Trainee: 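One structure, pasted below without further comment.
Keep in mind that what you see is a predicted model, and the values were worked out from it rather than measured.
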Amino acid sequence: MLNLISFLFGIVSLVIVIPATIPLLGWANWLALPLIVLGIIIGQLSSSSSGRNFCLIVLLIAAIRLSIGGGVI
């Protein structure tokens, strides 16, 4: 059950992160980061690791986008 919740947090975060790759929408990544971290924590408590791994991939996408934009743009 925790794995499913973690996966849902990852999907919601991905829906926020995908449009944030557009220039001038990078600030949306800062809204997604708390959801991603929460999904990783919940996924860590689960017996399965697929939800946590999915959240880690979304975190990697968001972090790369934030680093390219200098953290803001």
Side-chain angles (χ1 to χ4, degrees):
M1 186 68 184
L2 290 176
N3 190 39
L4 179 64
I5 294 171
S6 174
F7 196 71
L8 289 175
F9 272 110
I11 289 175
V12 170
S13 300
L14 187 64
V15 167
I16 296 171
V17 168
I18 295 285
T21 59
I22 298 171
L24 299 177
L25 290 179
W27 55 267
N29 283 319
W30 289 107
L31 298 175
L33 285 178
L35 290 174
I36 296 170
V37 170
L38 190 60
I40 291 170
I41 292 170
I42 292 173
Q44 188 66 33
L45 297 174
S46 173
S47 60
S48 180
S49 63
S50 61
R52 183 198 66 212
N53 292 342
F54 180 66
C55 285
L56 287 171
I57 291 171
V58 175
L59 178 68
L60 181 67
I61 294 168
I64 289 172
R65 172 57 180 97
L66 278 173
S67 66
I68 289 173
V72 178
I73 299 177

Trainee: Quick check for you: to the nearest 0.5 Å, what is the distance between Ile18 atom CD1 and Ile61 atom CD1?
Mentor: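 Between atom CD1 of Ile18 and atom CD1 of Ile61 there are 6.0 Å.
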
Trainee: Please report the shortest heavy-atom distance between Ala62 and Ile36, naming the atom on each side.
Mentor: CB-CD1, 4.3 Å

Trainee: What is the distance from atom CG of Asn29 to atom CD1 of Ile64, rounded to the nearest 0.5 Å?
Mentor: 11.0 Å

Trainee: Can you hop from Leu2 to Leu35 via hydrophobic side chains spaced under 4.5 Å?
Mentor: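 Shared cluster, yes.
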
Trainee: Do Val17 and Leu33 land in one hydrophobic cluster if side-chain heavy atoms of ILVMFWY residues count as linked below 4.5 Å?
Mentor: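 Shared cluster, yes.
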
Trainee: Could you see if Leu14 belongs to whatever hydrophobic cluster contains Leu66? Use Ile, Leu, Val, Met, Phe, Trp, Tyr and a side-chain cutoff under 4.5 Å.
Mentor: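 Yes, Leu14 and Leu66 fall within the same hydrophobic cluster.
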
Trainee: Only pairs at least two apart or in different chains count here, so list each side-chain hydrogen bond (donor to acceptor under 3.5 Å, both in side chains) that has a residue in residues 6-25.
Mentor: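 Listed once each, the pairs would be none.
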
Trainee: Side-chain polar contacts of residues 40-48 - donor-acceptor pairs under 3.5 angstrom, sequence neighbours left out - could you list them?
Mentor:
residue	atom	partner	partner atom	Å
Gln44	OE1	Arg52	NH1	3.2
Ser46	OG	Asn3	N	3.4
Ser46	OG	Ser48	N	3.2
Ser46	OG	Ser48	O	3.4

Trainee: Going only through I, L, V, M, F, W and Y residues with side-chain contacts under 4.5 Å, is there a path from Trp30 to Val37?
Mentor: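 No; Val37 is not reachable from Trp30 via cluster members.
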
Trainee: Suppose we screen for side chain to side chain contact (heavy atoms under 4.5 Å, CB included). Which residues come up paired with Ile11, at least two apart in sequence or across chains?
Mentor: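 Per chain and number, Ile11 pairs via side chain to side chain contact (heavy atoms under 4.5 Å, CB included) with Phe7, Phe54.
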
Trainee: If hydrophobic clusters are built from ILVMFWY residues whose side chains come within less than 4.5 Å, do Trp27 and Ile22 share one?
Mentor: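 Both belong to a single hydrophobic cluster.
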
Trainee: Decide yes or no for Leu60 and Leu56: does some side-chain heavy atom of the first lie under 4.5 Å from some side-chain heavy atom of the second?
Mentor: no

Trainee: Kindly give the heavy-atom pair with the smallest separation between Leu25 and Pro19, and that separation in Å.
Mentor: CD1-O, 3.5 Å

